[in-house]
Amino acid sequence: MNAYAARVIEELKVKYAHEGEFLQAAQEILSSLDKVLLLHPEYEEYSLLERLMEPERVIIFRVPWLDDSGKIKVNTAYRVQFNSSIGPYKGGMRFTKGVNLSTLKFLALEQTLKNALTGFNMGGGKGGADFDPHGKSEGEVMRFCQSLITELYRHIGPNMDVPAGDIGVGAREIGYMFGQYKRITGEFSGVFTDKGLSYGGCPGRKEATGYGLCYFLDAMLKKNGHSLEGKKAVVSGSGNVALYAAKKAYELGALPIAMSDSNGFVVDDEGIDIELMIDIKEKRRGRIKEYADAKNVPYVDKPSAIWEVPCDIALPCATQNELDEAGAKALVKNGVIAVAEGANMPTTAEAVKCFKDNNILHAPGKASNAGGVSTSGMEMGQNALFLYYSAEEVDNKLKGIMENIFKNVSNAAEVYGDSSIDYVSGANAAGFLTVANAMIMQGCV
Ligand code: NDP
């Protein structure tokens, strides 16, 4: 590793020894910038890596709320305002058990480079709370969201920080948070994205991350002499990203044959009936086992074993570090051609190495899942100008944006990667250069 990058990662390891996921993301990024740093020795003079790896601001606060029995509950919430050099902080809110600062710092760092790849003026941020909406009543979810915004409202705004959804935060939670923000500030503005269509949302946002993933995958396959036609796909997760990735993969000619949730996975050799899956998981908030029961297909109560299902294409779309070295080896052994990440950092460092060593096409999430935030960029533009795009316009723009991101990542891989298919280095280099140059131009801030 480049000496400057190595020094910075060692300093981070000492300073943030307890932040495993943040260090993992930082290490992955810094270790892929060797050629960039060689060509730009001036970055060290500007202490650019030190500044990039330190969030501009972190807000941590308690969220007290009343459960249905009238008892006071308390959660911890965060907003990591990581980097605003190319635009207002932008990134989702995650509500799930175990959310902590390390996870949110890694996500905000990834988001900073991802947003730079989209071409929109969006900085990087991320937030969330250790609140799990599963099993909570509508009233409890609403009271939690309102209490969270009663503190967070003073730190966000359409030109300051624009949160969105993520794990555990969908249209319902965004609606409650937006409503409370509007009530406190008296302003109807584009402070959130992923809003409902009737109050400023962008058509196609729900589908955008999954669809965008497949547009990126399609471009990557074509560039390397393959196509999606007839390919068997395994998709982990069955949330927002996974459902629409499976749907678009099917539309582009592939056959999604397995999907999972946090309890287990199903295999349907005929191809997943995606409308049934959407009905169970999105509309009824049910479990994936209900799909297996309805279709009489195999169900395995070990989600991580999904990677043992033979396939041509793997789409990890659930959560971080869900695809480890054992999973990667199983995929390689079974002849996988491409792995495209819908989730953020779903692949462990050892699994990434396994794919690289075996020349598997590997699309890193910060590039391949950028379709969601790109559509959020369209939503921000729409709100600022009081415009409205049609679903068709959004989908066309999304396809163009994802193809363009692939082109930029691929070009950067040629220049800065270890090979022309080193898309991990390509994505890191392309995103980093945009942010780094903006930081230098803005002086010591
Ligand atoms: P959701 O909450 O909608 O869905 C997450 C899904 O993953 C659920 O089906 C959940 O199961 C499942 N899951 C969680 N843990 C595991 C596990 N260990 N093994 C298998 N399945 C698991 O989240 P999203 O779809 O929005 O987000 C998924 C990932 O994509 C996250 O990494 C997120 O940061 C990233 N992402 C999301 C974007 C978006 O637009 N939504 C944009 C870019 C990235 P269960 O139903 O049991 O909870």
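Atom set for the values below is all heavy atoms of this structure, side chains included, hydrogens, waters and symmetry mates excluded. Counting starts at 1 for both ligands and their atoms, in listed order.
Partners of Ser85 under the side-chain contact (heavy atoms from CB on, under 4.5 Å) rule, at least two apart in sequence or in another chain, are Asn83, Val435, Ala438, Met439, Gln442.
With hydrogens and angles left out, the side-chain atoms of Glu110 and Asn344 include no donor and acceptor closer than 3.5 Å. Side chains of Glu54 and Tyr16: a donor-acceptor N/O pair is present below 3.5 angstrom, by distance only.
Near ligand 1, heavy-atom contacts under 4.0 Å come from Arg94, Lys114, His134, Asp166, Ile167, Gly168, Arg205, Thr209, Gly237, Ser238, Gly239, Asn240, Val241, Ser260, Asp261, Ser262, Lys281, Arg287, Pro303, Cys317, Ala318, Thr319, Gly342, Ala343, Asn344, Asn369.
A salt bridge (charged side-chain N to carboxylate O under 4.0 Å, His left out) check over residues 379-391, counting only residues at least two apart or in different chains, returns the pairs Lys195-Glu379.
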Which donor-acceptor pairs under 3.5 Å do side chains of residues 400-409 form with protein atoms, sequence neighbours excluded?
from, atom 1, to, atom 2, distance (Å)
Glu403, OE2, Lys399, NZ, 3.0

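Surrounding NZ of Lys232 are at most 12 heavy atoms belonging to other residues, nucleotides or ligands under 6.0 Å away.
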